[in-house]
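All values below were derived from every heavy atom in this structure, side-chain atoms included, with hydrogens, water molecules and symmetry-related copies excluded.
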2 protein chains.
Amino acid sequence: MLQLRDLPNKAVLDKFSGRYPEADVSAVTAFLHLLRVATDLSAALDSCLSRHGLLQGRWWVLILLMREDQSISTPSVLAEKAGVSRATMTGLIDGLERDGLIARLFDKEDRRRVSIQLTAAGQAKLDEVMPDYYTRLRLCMDSVTEAERDILNTILVKLNAGVSAFSIPNNKTTGIPAVHQAEA
Amino acid sequence: MLQLRDLPNKAVLDKFSGRYPEADVSAVTAFLHLLRVATDLSAALDSCLSRHGLLQGRWWVLILLMREDQSISTPSVLAEKAGVSRATMTGLIDGLERDGLIARLFDKEDRRRVSIQLTAAGQAKLDEVMPDYYTRLRLCMDSVTEAERDILNTILVKLNAGVSAFSIPNNKTTGIPAVHQAEA
DNA sequence: TTGACATAATTAGCTGGCTAATTATAATCG
DNA sequence: CGATTATAATTAGCCAGCTAATTATGTCAA
């Protein structure tokens, strides 16, 4: 994700909105601000996890396993739930297996399948990481009131619905007939 | 950034907050929701830009140049403002130069320095991309009211201040004496 | 029953980020 | 002056994602 160190100030916004009348200044400001803070939060989370020898991808796999009964799942399901490709999940599992945090269990019934199970060491790692993560997150969000959290969620739902606007064909500005974009 | 496809539901949150009393459920929910939506917005922006042959890094360099008088800057300043390393900026500039969107100008005074200038083709590319971007962004944010945008910004400022909580040493949960962490 | 297709996981190779090392040049101080 | 230090950009090589291809296995219908 883009690391926006230098958000536009008033003068820059005026310059751009002068040249591009399509610009909605408060929308641009809020959008860039959101991306910027989310990137910083993500980096901060990484720095917290790395103290425990984890990164977001591997940490999330452990969490997904702990959510399951018996702490068991499969690579393809984990890939889907973590939002990464199966190839990437294979790599994450390789690393976690090497560290003894998860184990591969080969399926006798269907030999294409592999089950992934959290080991005792993996659970112990979570029991070390999660209290630290939760404590820091609580502190991070401390000044955001419950009312603000509710409104934030409301806004995020709206934004999530709006994401599709970025994929809708726009023949006016691209000059490409919409029919061609629809084919792509 | 983590691609959280599967946010925790009530049952999962209860399970985790039962085992880890440090968890603040509404904080966790809002935090993950924010990261999730920001990731989706970032990916959507990429898909918009890629229709014009750009990605976020290269697009942002063009914007940073257009902000400047004469549309000129230097690799090190651009790296700082874009939040990437100088090495990465060298690569971005290589690509943009190859496509003729920017030009390297060698400084006669100080031969270590290189200036980077937006070319006419680069400005033309922005004039093609920005209206499309702004139009889509306006649509994306359409249902978020001005009042909500204000509150969002307020919340983001608070979260930004809270980011440091992730880097504060926490000797209770890590078991590592704070003095050692401070040295690291 | 066997050929075509489907599915699961992995491997191979690409990309864009990073850090550390390198090259070139300038500035400073004994 | 000339050695040391500082600065700017680049190169080299690492890592974590990705897609596409591969391997292995299972399913189904002619």
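Atom CD in Glu80(A) sits roughly 14 Å away from atom C1' in dA8(C) (whole-Å rounding). As a whole-Å value, the separation of Asp46(B) CG from dG17(D) C1' is 13 Å. Arg113(A) has its CZ atom 16 Å from the C1' atom of dT10(C), to the nearest Å. Atom-to-atom, CD1 of Ile116(B) to P of dA9(D) comes out at 8 Å; the value is rounded to the nearest Å. Look at CG on Asp94(A): it is 12 Å from P on dA16(D), rounded to the nearest Å. Distance, Lys108(B) NZ to dA8(D) P: 20 Å, rounded to whole Å. Following rounding to the nearest Å, Leu96(B) (CG) and dG16(C) (C1') show an atom-to-atom distance of 13 Å. Atoms CD1 (Ile93(B)) and P (dA9(D)) sit 8 Å apart, rounded to a whole Å.
Within the 4.0 angstrom heavy-atom criterion, only backbone atoms of the sugar-phosphate kind lie near Arg104(B); the bases stay farther away. Arg111(B) comes within 4.0 angstrom of the backbone, heavy atoms only, and of no base. No engagement by Gln56(B) is indicated, since no non-hydrogen atom pair under 4.0 Å with the nucleic acid exists.
At dA9(C), one or more side-chain N or O atoms of Ser76(A) fall inside 4.0 Å of OP1 or OP2 (strictly under the cut-off). Checking the phosphate oxygens (OP1, OP2) of dC18(C), a side-chain nitrogen or oxygen of Ser85(B) falls inside 4.0 Å. Phosphate contact (OP1/OP2 of dT10(D), side-chain N/O of Arg86(B), threshold under 4.0 Å): absent.
A 6.0 Å sphere centred on CD of Gln56(B) holds more than 12 heavy atoms belonging to other residues, nucleotides or ligands. Counting non-hydrogen atoms of neighbouring residues, nucleotides and ligands closer than 6.0 angstrom, the CD atom of Glu97(A) exceeds 12 such neighbours. The number of heavy atoms from other shown groups lying within 6.0 Å of CZ (Arg104(A)) is above 12.
Position along DNA chain D of the nearest nucleotide to Leu55(A) versus Glu109(A) favours Leu55(A) as the more 5'-ward residue. Position along DNA chain D of the nearest nucleotide to Arg58(A) versus Thr88(B) favours Thr88(B) as the more 5'-ward residue.
With respect to the salt-bridge test (charged N to carboxylate O, under 4.0 angstrom), the residues Asp14(A) and Lys10(A) qualify.
Put simply, the side chain of Arg112(B) and the base of dT7(D) share a donor and an acceptor less than 3.5 Å apart.
You'll find that the side chain of Thr90(A) is closest to dT10(C), out of dG26(D), dA9(D), dT10(C). The side chain of Leu92(B) sits closest to dG17(C) out of dA9(C), dG17(C), dA9(D).
No continuous path of hydrophobic side-chain contacts links Leu101(B) to Leu55(B) [ILVMFWY only; heavy atoms under 4.5 Å].
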